[in-house]
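Structure first, then comments.
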Amino acid sequence: MPAITARGLRKSYAGRTVVDGIDLDINEGEIFAVLGHNGAGKTTTVEMISGVRHRDAGEISVLGFDPDRDAEKLSHLVGVQLQDSQLPDKMRVREAIELYSSFYRDPVSGDDLLERLHLTEHRNRPFAKLSGGQKQRLAIALALVGRPRVAVLDELTTGLDPKARRETWGLIEGLRDDGVTVILVTHFMEEAEFLADRLALFENGKIVTVDTPAGLINQRTDGRQEIKFRLDEDPKSVMDDFRALADVRTVQVQGQNMIITGTGDVILAVTAHIARTGLTARDLRVHQATLDDAVLTAGSQS
Ligand SMILES: Nc1ncnc2c1ncn2[C@@H]1O[C@H](COP(=O)(O)OP(=O)(O)OP(=O)(O)O)[C@@H](O)[C@H]1O
């Protein structure tokens, strides 16, 4: 059974439609990523699901409750980390955690959460004195302190350094292990590829595709792979031999470099050819299509 469903969701601001008839089914216990360009309607959609913003039309069910009508019940079940979360300037980290813990029947240990988010040493620091990344980590802690069954995380790791980002990913994987349903709005394709079970791609207030990361990559790039290497020999003199190989799509020469794209077993075909002919291929690199490639392809198709 899906944990979250939405049907015909709509929202306009001053007559401009920004969410334009969205249908969604998010399964219990999955990490569901919401992707799309700036202004595509991602935040408005997840805010309507969280009950932070009222919809103009459509139906939403979160764990069987309507976020507009059953806000009180859902507040105990849903943890929300929104973009630009603000707290009073003078509120200290530990005070914020204590305050949020008091809202819930069975909060997790605030100390553990602070430890896991590397905030223990900042626990007495007022909100206004935290760095951007520390504020972000506090917002994540506040979203998780109530042991939510659904966590809505909008731009989870924006502003975090690479190490903190990786650590936060570990925390989110832990939520999945606990059966929490996670909605993750992100502009980081690597993050979506790493964490998401499925994703929705938003464009101009609509969802254009829902798929697994691997499914979207295959759908949009045909599983394209690129092989690049430098030859001691003149690359132009052997271009046609590479073009004739199975699964090769394109062959390009840039100076001494050769760039070959293809699908299926193209890597095997190219490396076997190099070995067979005794060519000297230096600095050979393989680039598999990523979610970034897939989403950029999607953008160029719109
Ligand atoms: N309170 C508001 N009043 C008027 N317009 C708004 C309001 N909130 C959002 N919008 C507009 O609605 C559109 C969708 O915004 P939304 O924040 O949902 O997009 P997004 O996909 O989350 O974008 P981003 O990736 O930049 O966060 C944007 O054009 C935005 O300017």
Side-chain angles (χ1 to χ4, degrees), residues 4-26 31-60 62 66-68 71 74 78-87 132-133 135-140 142-143 150-160 165 168-169 172 181-196 198-211 213 216 220 290-302:
I4 298 165
T5 57
R7 291 288 175 272
L9 208 51
R10 286 182 191 280
K11 181 79 184 173
S12 301
Y13 294 115
R16 193 166 67 89
T17 302
V18 300
V19 173
D20 191 7
I22 275 179
D23 296 334
L24 259 184
D25 289 289
I26 300 178
I31 300 180
F32 190 90
V34 173
L35 313 179
H37 57 76
N38 290 135
K42 305 180 299 295
T43 294
T44 306
T45 300
V46 300
E47 286 186 349
M48 289 191 287
I49 289 172
S50 315
V52 174
R53 204 169 286 254
H54 296 300
R55 60 193 185 265
D56 293 344
E59 290 302 319
I60 305 176
V62 178
D66 180 317
D68 283 356
L74 277 176
V78 180
V80 186
Q81 175 237 336
L82 294 174
Q83 268 176 315
D84 305 323
S85 306
Q86 288 298 329
L87 288 170
K135 283 183 181 163
Q136 183 81 353
R137 296 203 303 261
L138 178 58
I140 297 169
L142 297 178
V150 170
V152 179
L153 307 166
D154 195 350
E155 304 209 6
L156 172 76
T157 62
T158 300
L160 297 191
R165 177 167 296 154
T168 307
W169 291 359
I172 303 311
T181 305
V182 179
I183 306 182
L184 180 70
V185 181
T186 184
H187 285 295
F188 297 110
M189 296 305 116
E190 196 195 350
E191 180 165 291
E193 202 171 335
F194 185 85
L195 284 176
R198 291 190 308 142
L199 50 84
L201 190 56
F202 278 56
E203 260 177 49
N204 303 323
K206 292 184 192 292
I207 293 179
V208 289
T209 195
V210 175
D211 208 332
L216 185 67
R220 301 282 177 158
T290 61
L291 197 53
D292 232 351
D293 300 319
V295 170
L296 285 173
T297 310
S300 67
Q301 285 174 347
S302 66

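Order of appearance sets the numbers: ligands from 1, and atoms from 1 within every ligand.
Side-chain atoms of E191 and T157 include a donor-acceptor pair closer than 3.5 Å.
Within ligand 1, the atoms closer than 4.0 Å to a non-hydrogen atom of E155 are 27 (O), numbered from 1 in the order shown. Counting the atoms of ligand 1 from 1 in the order shown, those under 4.0 Å from a heavy atom of A40 are 19 (O), 20 (P), 21 (O).
With a 4.0 Å heavy-atom cut-off, ligand 1 is reached by the backbone of T43 and by its side chain too. When heavy-atom distances to ligand 1 are checked against a 4.0 Å cut-off, H37 comes that close only through its backbone atoms N, CA, C and O.
Scanning for salt bridge (Lys or Arg N to Asp or Glu O under 4.0 Å) contacts around R55 gives D66, D68, with sequence neighbours left out. Not counting sequence neighbours, the partners of D25 by the salt bridge (Lys or Arg N to Asp or Glu O under 4.0 Å) test are R7.
Nearest heavy atoms, V295 versus M189: CG2-SD, 3.7 Å.
In this structure, CD on E190 lies 9.0 Å from CZ on F194, to the nearest 0.5 angstrom.
Residue contacts with ligand 1 include G41, since one of its heavy atoms falls under 4.0 Å from the ligand.
Side-chain atoms of K42 never come within 3.5 Å of backbone atoms of F202 as a donor-acceptor pair (strictly under, hydrogens ignored).
Summarising the contacts of atom 30 (C) of ligand 1 with K11, R16, E47, the nearest heavy atom is found in R16. Atom 1 (N) of ligand 1 has its nearest heavy-atom neighbour, among K42, M48, R53, in R53.
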